[in-house]
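Remember, it's a predicted structure, so these values are computed and weren't measured experimentally. Order of the sequence lines sets the chain letters (A, B, ...), proteins ahead of strands, with each chain counted from 1. For the numbers below, each heavy atom of this structure counts, side chains included, while hydrogens, waters and symmetry mates do not.
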Amino acid sequence: MEIKKVKRSEDYSAWYNNLVKSADLAEHSAVKGCMVIKPYGYAIWEKMQADLDKRFKETGHQNAYFPLFIPKSFFSKEASHVDGFAKECAVVTHYRLKVDETTNEIIVDPDAKLDEELIVRPTSETIIWNTYRDWIKSYRDLPLLINQWANVVRWEMRTRLFLRTTEFLWQEGHTAHATSDEAIKETEQMLEVYAEFAENILAVPVIKGVKTANERFAGALETYCIEGLMQDGKALQMGTSHFLGQNFAKAFDVKFVTKENKQEYVWATSWGVSTRLMGALIMCHSDDEGLVLPPNLAPIQVVIIPISRKEEEKVVVLERAKHIQQLLKAKNISVKLDDRDNQSPGFKFAEWELKGVPVRIAIGPRDVQNESVEVARRDTKEKQVMSMVDLDNKIEHLLSQIQKNIYQKALDYRDEHITAVDTWEEFLNVLENKTGFISAHWDGTSETEVKIKEMTKATIRCIPLNNKMETGKCVLTGNPSKQRVLFAKAY
RNA sequence: CGGGGUGUAGCGUAGCCUGGUAUCGCGCCACAUUUGGGAUGUGGAGGUCGUAGGUUCGAAUCCUGCCACCCCGACCA
């Protein structure tokens, strides 16, 4: 594989695309806007899935699976939901192909038209709430806590690997509750689950907040979100958790009998994260040498590279390498022994750096003799010679240090890129030259929000949770404001 | 969907203006020598030049349609 070097500083999006391909994470497919996730990329996604799935189960959720197709009529039942998704829906209209007798080409059989078109799900609220109507009769059926791992389709105009693809993989939680309070608690709890996952596993610091009415999910009363900051100073929405009120219960007539024998509509939440998290992971940590994976997410945490000149050395070195592999495996560390004999050590060093493996151990005859190994860490590129004594514990410790360091580095960058501004001039200046989040007063109106977006492309990423109340003047209009909100250009 | 660009072996490319059956590097296969930061030599395999038509004795090259991708917009997780 020849690696084309593209620097972040020269062309950030070319760097990103190049990295996704050269690190063997994904590639474009024959279908417009759809990607093939390659084994190495999928292994990372599987690690994300496994960790999230565990967290969902620990908070009482169960997995289920609903259909890929949604009858068109279901879609029209919740008005704002339709508005939000209608323009990006793929629609199934026929169920059969046939060979055209004159051209001998495969065509859609006009006789096989569906009576009712089916929508390929862009999200599953409607089909799920239509099902919940039958599942929920009494307060004893609540709460209903369901998650599904699925693919969804949103017909986007412009796509980018992982960040925005026509089809993407995600999980969507859909829960039903007896009270508004309980549903809000669930919404907040899942936001917290996402935030912990992002920070502890992905090592991406996030800001928790709520969206403005403009940016809210179609059909939600409140959208909570986690926002990350990428290395180019643009924000990325990494997960959302919605309080849906009784909108879907009313649209699909989902009522339950209370203890007091009264009929009431059910309260709902939905929440999701997608393969977009792969994009966040890549853009937050990686460098000009390639991917940088946090140890908690790396499919391969340690790679061992044996080095030898002569045949007799090779035997000894390989024996030592296998011994170390066993030591680390016993510690539950995922280790790859790269014993390919058709590649030079230098090539392997570069390749595993490109793939973001957190720790590399090189062992040569010199090391065997000295009872040592050479240990290199991916995040700082530092190399050190370590003695074999207690090596497994030292590597384990190093992995957790790397995890912390990657997070801290991202956190420092993020914190340096939250800039409070009080004037419109400053706002424009920071947005253009410094980038990142801008903390500014906003008069609370949609008009101002839209105006700022039109003028600068910056949007209100969120109103941070636990925001400090502070009187001030809107950065654009000068109208009174009670708190600052976070603006940024976003993906 | 609008503006701009690109498409030649797995990857990166030359050739295109001025038509004559495709260049180079990396990778791949074999053997040998190598191996502490992207090894070297020798030999070999691999291409209906994105695709469908057209012009021509002859098309990677000229013309038309289509497709895909990239960049910038609009839209969006």
Side-chain angles (χ1 to χ4, degrees), chain A residues 1-6 11-14 16-18 21-22 24 27-35 84-89 105 122-123 152-172 194 211 214-218 223 225-228 235-242 270-280 289-290 305-311 313-314 317 338-354 360-370 372-374 376 381 383 385 453-454 457 459 461 490-491:
Chain A
M1 187 196 322
E2 188 177 14
I3 307 314
K4 192 172 69 178
K5 285 260 171 162
V6 182
D11 185 342
Y12 194 80
S13 72
Y16 175 82
N17 282 322
N18 185 253
K21 283 173 208 156
S22 57
D24 227 14
E27 60 189 30
H28 291 287
S29 71
V31 183
K32 185 184 174 73
C34 295
M35 63 180 165
F85 287 104
K87 56 196 178 305
E88 53 191 37
C89 284
E105 278 172 9
T123 180
V152 288
V153 168
R154 294 183 190 175
W155 215 266
E156 301 288 351
M157 304 238 175
R158 198 170 153 201
T159 57
R160 297 193 69 190
L161 292 169
F162 289 119
L163 294 175
R164 176 169 296 109
T165 46
T166 300
E167 179 193 14
F168 57 94
L169 307 183
W170 77 343
Q171 59 68 216
E172 45 182 329
Y194 287 156
K211 290 289 185 190
N214 269 347
E215 302 275 331
R216 219 171 262 157
F217 176 75
T223 288
C225 63
I226 50 171
E227 293 283 327
L236 181 73
Q237 179 174 306
M238 292 172 58
T240 47
S241 184
H242 314 290
S270 70
W271 28 275
V273 295
S274 71
T275 35
R276 173 177 256 203
L277 289 177
M278 294 285 293
E289 264 63 55
I305 297 175
I307 300 163
S308 54
R309 278 172 228 271
K310 302 168 205 150
E311 200 55 34
E313 287 174 349
K314 195 171 170 179
V317 165
D338 187 356
D339 57 0
R340 288 176 294 176
D341 57 4
N342 60 339
Q343 301 294 359
S344 69
F347 179 91
K348 293 177 182 177
F349 291 174
E351 184 176 73
W352 293 114
E353 271 166 17
L354 176 62
R360 178 183 78 228
I361 299 178
I363 313 167
R366 206 161 67 203
D367 300 299
V368 177
Q369 191 156 28
N370 299 339
S372 66
V373 290
E374 183 194 82
K381 314 252 177 63
K383 286 191 241 186
V385 174
K453 185 179 175 181
E454 282 169 0
K457 283 182 241 159
T459 50
R461 300 318 302 156
Y491 277 98

Distance, P atom - from B/rU56 to B/rA74, rounded to whole angstrom:
47 Å
Drop me the distance from A/Leu163's CG to A/Ser13's OG, to the nearest 0.5 angstrom.
10.5 Å
If you measure from the P atom in B/rU61 to the same atom in B/rU8, how many Å do you get, rounded?
14 Å
Write down the distance separating the C1' atoms in B/rC66 and B/rG20, rounded off to the nearest Å.
29 Å
No-H, no-angle donor-acceptor pair, A/Glu27 side chain to B/rG10 base, under 3.5 Å:
no
Taking B/rG15 as the reference, what is the distance to B/rU21 when you measure between their C1' atoms (whole Å, please)?
13 Å
Nearest heavy atom decides the nucleotide; on that basis, is A/Ala490 or A/Glu374 closer to the 5' end of RNA chain B?
A/Glu374
A/Ser22 side chain reached by A/Leu354 side chain, heavy atoms, under 4.5 Å:
yes
So, taking the atom named CD in A/Glu351 and the one named CZ in A/Phe349, what distance separates them when rounded to the nearest 0.5 Å?
12.5 Å
Is the distance from OP1 or OP2 of B/rU35 to the nearest side-chain N or O of A/Arg309 less than 4.0 Å?
yes
Holding to salt bridge (Lys or Arg N to Asp or Glu O under 4.0 Å), I want the full list of residues that pass it with A/Arg216, two or more places apart in sequence or in another chain.
A/Glu222
Calculate the interatomic distance between A/Met157 atom CE and B/rC1 atom P; express it in whole Å.
8 Å
Within the 4.0 Å heavy-atom criterion, would you say A/Gln237 contacts the bases, only the backbone, or no part of the nucleic acid?
sugar-phosphate
Reported OG-to-CE distance for the pair A/Ser29 and A/Met35, which is rounded to 0.5 angstrom
9.5 Å
Should the heavy atoms of other residues, nucleotides or ligands under 6.0 Å from CH2 of A/Trp155 be counted, would the total exceed 12?
no
Heavy-atom closest pair (A/Ile307 atom, A/Pro365 atom, distance to 0.1 Å) is O-CD, 3.2 Å
Can you check the A/Asp338 CG to B/rG38 P distance for me, whole Å?
16 Å
Using a 4.0 Å heavy-atom cut-off across all strands, classify A/Thr459 as base, sugar-phosphate, or nothing.
nothing
Here the gap from A/Glu311 atom CD to A/Lys314 atom NZ, rounded to the nearest 0.5 Å, amounts to 5.0 Å
Are A/Phe85 and A/Phe217 close enough that their ring centres sit under 6.0 Å apart?
yes
Distance (rounded to the nearest 0.5 Å) between A/Phe168 CZ and A/Thr275 OG1:
7.0 Å
Do NZ/NE/NH1/NH2 and the carboxylate oxygens of A/Arg461 and A/Glu227 come within less than 4.0 Å?
yes
Report, as yes or no, whether the 6.0 Å neighbourhood of atom NZ on A/Lys381 holds more than 12 heavy atoms from other residues, nucleotides or ligands.
yes
Identify the pairs formed between an N or O of the protein and an N or O of nucleotides 66-72 of chain B at a distance under 3.5 Å, and give each distance.
{"residue": "B/rC69", "atom": "OP1", "partner": "A/Gly33", "partner atom": "N", "Å": "3.1"}
{"residue": "B/rC69", "atom": "O3'", "partner": "A/His28", "partner atom": "NE2", "Å": "3.3"}
{"residue": "B/rC70", "atom": "OP1", "partner": "A/His28", "partner atom": "NE2", "Å": "2.9"}
{"residue": "B/rC71", "atom": "OP1", "partner": "A/Ser13", "partner atom": "OG", "Å": "3.4"}
{"residue": "B/rC71", "atom": "OP1", "partner": "A/Asn17", "partner atom": "ND2", "Å": "3.1"}
{"residue": "B/rC72", "atom": "OP2", "partner": "A/Arg158", "partner atom": "NH2", "Å": "2.5"}

Roughly how many Å apart are B/rA32 and B/rG36, using the C1' atom of each and rounding to a whole number?
23 Å
Apply side-chain contact (heavy atoms from CB on, under 4.5 Å) to the pair A/Phe347 and A/Trp352, showing each step before the final yes or no.
CA-CA 9 Å; A/Phe347 179 91; A/Trp352 293 114; over 6 Å; no
Between B/rA59 and B/rU51, how far apart are the P atoms? Round to whole Å, please.
15 Å
To the nearest Å, give me how far apart NZ (A/Lys314) and P (B/rU34) are.
13 Å
So if I take every side-chain heavy atom of A/Glu351 and compare against B/rG36, B/rG38, B/rA74, which nucleotide ends up nearest?
B/rG38
Please measure how far the C1' atom in B/rG12 lies from the corresponding atom in B/rU55, and state the result in whole Å.
33 Å
Between A/Lys383 and A/Asp341, the residue closer to the 5' end of RNA chain B by nearest nucleotide is A/Asp341
Has the side chain of A/Arg360 got a donor or acceptor atom sitting under 3.5 Å from an opposite partner on the base of B/rG37?
yes
As a check on the pairing definition, encode RNA chain B in dot-bracket form, counting Watson-Crick and G-U wobble pairs whose two distances are under 3.5 Å, and using | for partners outside this strand.
((((((((.[[[..)....(...]]].((((((.....)))))).....[[[[[..)....]]]]])))))))....
Taking atom P in both B/rC70 and B/rC11, what distance in whole Å separates the two?
15 Å
Can you tabulate the close N/O pairs, meaning under 3.5 Å, that link protein atoms to atoms of nucleotides 39-46 of chain B?
{"residue": "B/rA39", "atom": "OP1", "partner": "A/Ser344", "partner atom": "OG", "Å": "3.2"}
{"residue": "B/rA39", "atom": "OP2", "partner": "A/Ser344", "partner atom": "OG", "Å": "2.4"}

For A/Glu353, report the nucleic acid contact type (base, sugar-phosphate, nothing); a contact means any heavy atom under 4.0 Å.
base
Sorted by chain and number, sequence neighbours left out, salt bridge (Lys or Arg N to Asp or Glu O under 4.0 Å) with A/Arg360 holds for A/Glu353
Keeping the roles fixed (side chain from A/Gln343, backbone from A/Arg340), state whether a donor-acceptor pair exists under 3.5 Å.
no
Hey, could you give me the OG1/CG distance between A/Thr223 and A/Asn214, rounded to the nearest 0.5 Å?
12.0 Å
Considering every strand and a 4.0 Å limit on heavy-atom distances, what is the contact class for A/Phe217: base, sugar-phosphate, or nothing?
nothing
Write out a two-atom table: protein N or O, nucleotide N or O from nucleotides 2-9 of chain B, distance below 3.5 Å.
none

Between B/rG38 atom C1' and A/Ile307 atom CD1, what is the distance in whole Å?
13 Å
Without decimals, in angstroms, what is the distance between A/Ile305 CD1 and B/rG38 P?
13 Å
